[in-house]
There are 2 protein chains.
Amino acid sequence: MARTQGSHSGITGPRVREAAVSLFAQHGYAAVSMRQIAGEVGVQAGALYNYTPDKQSLLFGLMRDHMQDVLAAYEQLEPAKDAQEALRQFVGFHIRYHLQRPDEVFIAYMELRNLTPENFAEIETLRRRYEDALEAILCRGQDSGQFSVADTKIATLAVIAMLNGVMTWYRAGGRLSLDEVELVYWDMIRKSVAA
Amino acid sequence: MARTQGSHSGITGPRVREAAVSLFAQHGYAAVSMRQIAGEVGVQAGALYNYTPDKQSLLFGLMRDHMQDVLAAYEQLEPAKDAQEALRQFVGFHIRYHLQRPDEVFIAYMELRNLTPENFAEIETLRRRYEDALEAILCRGQDSGQFSVADTKIATLAVIAMLNGVMTWYRAGGRLSLDEVELVYWDMIRKSVAA
DNA sequence: AGCATATCTGAACAGATGTTCAGATAGAAG
DNA sequence: CTTCTATCTGAACATCTGTTCAGATATGCT
């Protein structure tokens, strides 16, 4: 009757990651124990160590994979012709992608301080690549005279901060549809950088 | 020679709170132990319980006092005449006040999930009062035709999210002065809600 | 001077923490 | 059916957790 044993690597592995994502997002990395994660999966704590060398690596793996997924998804979009078009593309992509993976996104920017210095540096590099993509768009529009921002670096961070705010309140099936949300944000961002 | 004892309530009390603010902001509530806080103050862990009934109350007290301070400081500003003026005042106040207390602000929105439900509700009420102040400004400008936003509630959250982003990168003595930072953000926000 | 009180120490508590590992078990391979 | 191996259990480990409290100590008061 006891617990099932044997070969379940292909099943348990993903479930460990799913449980970790859900629990880390809900209570925070430091507040979640390996035993809680194991309990969610339906397994003893020791079994987790077949899938991660330690707790820190589990967190880091989740964050790194998420950032790489975001970058890969964004970079395979077909490049827009002009800056305005590219900015709209970025806004739409960011909102939709992030609302599809709220837990991963939440972890990726809430748990940075719980990474070891080396792991932190690696995540920051990936995040930086994403920010640079947006800054490149702003610079392009600035050069072409379509945009007018006092400082492209700050504008980049301001736009991303604004977009990230959507995750704090948006709930699927709420007052506004995804299309409406995207439109509202696009409207504000378009105007905020306009010449 | 040993540790000093006797009457130090007026000194130790604030130092406990300062240490807690600093450590919670740096590593997160769940990752900081009472012994670490005590060590920072130069006292044994048990002594902390002269100043807080428990760890949760310590966190809650810091967050509640911070939110009340923010509200009190904002509400004693003399009301601006028109909506545009009021928005500018809000932006300036928010940036300057928050950059003066980065740790408290950081805690106030990072540690919400570590509050008990009752404590969470109380903090949310205070936060809501602050957001409502901004939304009232946006509504005023919307009515007067100065502003044009698709949704005042979302615009409120978007503006605050954008402003909060300043704390993730601003460092005193950096590339830009406080005045410049305020100007850059005011420029973007003014345009983003403009008619 | 000595008394009273606020403050701190130091040890103790019950339980939780991340991690390890020998041994049990189930499915795959022959 | 047997053997092999990946997977999981269950117990153990050293250490850390928030919190309590009796006793020590210094300060303020008389």
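Small disclaimer: the values here were computed from a predicted structure and weren't measured. Chain letters run A, B, ... following the sequence lines, proteins first, then strands; residues in each count from 1.
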Quiz item: Can you name the salt bridge (charged side-chain N to carboxylate O under 4.0 Å, His left out) partners of E75(B), sequence neighbours left out?
Solution: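 Checked E75(B) against salt bridge (charged side-chain N to carboxylate O under 4.0 Å, His left out); matches are R129(B).
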Exercise. Return the set of residues passing salt bridge (charged side-chain N to carboxylate O under 4.0 Å, His left out) with D179(B) (not counting sequence neighbours), or none when no residue passes.
Key: R96(B)
Quiz item: In the 5'-to-3' direction, what one-character label does each nucleotide of nucleotides 13-19 of chain D receive under the scheme B = base within less than 4.0 Å of a protein heavy atom, S = sugar-phosphate only, - = no such atom?
Solution: ----BBB
Self-check item: Set of ring-ring contact (aromatic ring centres under 6.0 Å, His included) partners for F106(A), sequence neighbours left out
Solution: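 Expected list: none.
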Grab the [atom1]-[atom2] distance between [X] and [N] for me, whole Å please.
X: L59(A); N: dG18(C); atom1: CG; atom2: C1'; answer: 15 Å
X: Y51(B); N: dT9(C); atom1: OH; atom2: C1'; answer: 13 Å
X: N50(B); N: dT25(D); atom1: CG; atom2: P; answer: 17 Å
X: R15(B); N: dC8(C); atom1: CZ; atom2: C1'; answer: 14 Å
X: L48(A); N: dT19(C); atom1: CG; atom2: C1'; answer: 11 Å
X: I37(A); N: dT17(C); atom1: CD1; atom2: C1'; answer: 12 Å

Practice problem: Consider the side chain of Q44(A), meaning its heavy atoms from C-beta on, and name the nucleotide among dT9(D), dT9(C), dC8(D) that approaches it most closely. | Solution: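 Nucleotide nearest to Q44(A)'s side chain: dT9(D).
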Quiz item: How far does CE of M110(A) sit from CG of D103(A), to the nearest 0.5 angstrom?
Solution: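 The CG atom of D103(A) is 11.5 Å from CE of M110(A), to the nearest 0.5 Å.
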Self-check item: ring-ring contact (aromatic ring centres under 6.0 Å, His included): pairs with one or both residues in residues 16-42 of chain B, sequence neighbours excluded
Solution: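 Pairs touching residues 16-42 of chain B that pass the test: F24(B)-Y29(B).
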Self-check item: Sequence neighbours excluded, every pair satisfying side-chain hydrogen bond (donor to acceptor under 3.5 Å, both in side chains) that has a member inside residues 157-172 of chain A
Solution: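 Qualifying pairs, neighbours excluded: H94(A)-N164(A), W169(A)-Y185(A).
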